[in-house]
Amino acid sequence: MHLPHNDLRIGLDHPEGDISFLSHAHSDHTAGLRRKEKLIASQETLDLAKINAQVTGLPGTKTMDAGHILGSRQLFVEHDGASAVYTGDFSLKPNIFGWSAKIPQCDHLIMEATYGDPNYRFAPLSDIYDQIANWVKLNDKKNIIIGCYELGKAQQVIKILNENKIAPIVQEKTEHFCSVYEKYGYPLDRIMVGSDEAEEQMSRPFVAIVPMHRAKRYFAKRLSDAFDRETLCAVTTGWAMQWRYDADAAFPLSDHADFDDLVYFVEQSGAKKVEFFCGDGREVLKKTKHPLILATS
Ligand SMILES: [Zn+2]
C-alpha cells in the first residue's frame with residue numbers, strides 16, 4: 001500500500017516506495033521497515049520499536065496524533081490538488097494518557113477497519129478503566145494476572161493500577177515499552193519480575209501484567225499451587241465483546257476505533273473515496289450518509 005506524492009511513492013507501513021511512513025511501533029506495522037535509513041515516523045515510535053533510522057518529513061505532508069499508542073501517527077499528504085489521509089491504527093476515545101485521534105479533512109481516506117463490525121461498540125474508556133479497578137479491588141486477597149498486549153494496552157492497565165496505588169509486576173518486554181513511555185513523560189510505577197522487589201511483593205497477594213497467551217486458567221492454577229494462594233486471571237481486549245476467553249474476567253479494553261467511531265471518522269473527514277485495511281469496511285460504508293466509493297488496496 002502506498003500514496004503518491006509529487007514524483008515519489010510513500011510506502012504506508014510498508015517498505016515499498018521511495019520512502020516509507022511508519023504509523024506506530026506494533027510489530028505488524030514495523031515488519032519490513034527495520035533496515036530503513038530514513039522513515040517518516042515519530043521518534044517515540046522508533047524508540048519503542050528499537051529502530052535506528054533517521055526521522056524525516058516531506059513538504060506537503062504532515063503527521064497527526066492517531067490516539068492509538070505512544071507515538072502513533074496518521075499521515076496527511078497533498079498531491080495533484082487533492083488530499084489523502086492514512087490513519088494507521090487509531091482511536092477517537094481519549095485514553096488514560098489523554099491521547100485521541102483528530103479527524104483531518106481529506107478527499108481520499110485510507111482507514112483501518114479492525115472493528116468494522118456493528119457488534120463492536122465500546123463503552124467510554126473511563127467505564128472500562130473503572131471495571132478493571134473495581135475487579136482488582138474486589139479480589140485484593142488473591143493474586144491477579146492480567147493479560148495485555150505488551151505495547152499500548154499494558155501501559156494503560158499499569159496506569160489504571162497506579163491510580164489505585166498498585167504497582168504491578170511486569171516482564172522484560174513490557175518493561176522496555178514502559179521505559180520509553182517514561183522517557184517521553186508518562187511515568188509508570190511497576191516492578192520487574194525476578195527482582196528482589198518482585199520477590200518481596202510476591203510474599204503477599206500481587207498483581208502481574210502478563211502476555212495475552214499467559215492469561216489462562218491453567219497458568220493461574222499453576223501460580224495458585226506455587227504460591228499457595230488463589231490466583232485469578234483476566235484479559236483486556238476489544239475482542240472480548242464477542243469472543244469467550246479461558247479467564248475469570250474479560251474486559252473489552254481497546255486502543256482501536258469501534259464501529260461507531262469508524263462511521264463518524266468517515267463522515268467527518270468528508271472523504272469521497274475510502275479504502276480500508278486491517279478489516280472489512282463494507283458495514284461502515286453502508287452506515288455512512290454520503291455516497292462513497294469503496295476501493296480495496
Ligand atoms: Zn497497532
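When a residue number appears, it is its place in the shown sequence, counting from 1. Atoms within each ligand, like the ligands themselves, are counted from 1 in listed order. None of these values were measured; they are calculated from a predicted model. Just the heavy atoms: all of them, side chains too, but no hydrogens, waters or symmetry mates, feed the values below.
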So, at under 2.8 Å, which protein N, O or S atoms would a careful student list around the Zn ion (ligand 1)? His24 NE2, His26 ND1, His68 NE2, Asp89 OD2
So, applying side chain to side chain contact (heavy atoms under 4.5 Å, CB included) with [X], which one of [options] is it?
| X | options | result |
| --- | --- | --- |
| Leu22 | Leu12, Leu33, Ile40 | Leu33 |
| Leu151 | Lys173, His24, His26 | His26 |
| Val136 | Ile146, Leu232, Val157 | Ile146 |

Whether Lys93 and Asp261 form a salt bridge (side-chain N of Lys/Arg under 4.0 Å from carboxylate O of Asp/Glu) is what I want to check.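 Here Asp261 pairs with Lys93 in a salt bridge, since their nearest N and O are under 4.0 Å apart.
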For Asp225, does the CG atom sit with more than 12 other heavy atoms under 6.0 Å from it, leaving out its own atoms? yes
For the CD atom of Gln156 and the CD1 atom of Ile209, what is their distance to the nearest 0.5 Å? 11.5 Å
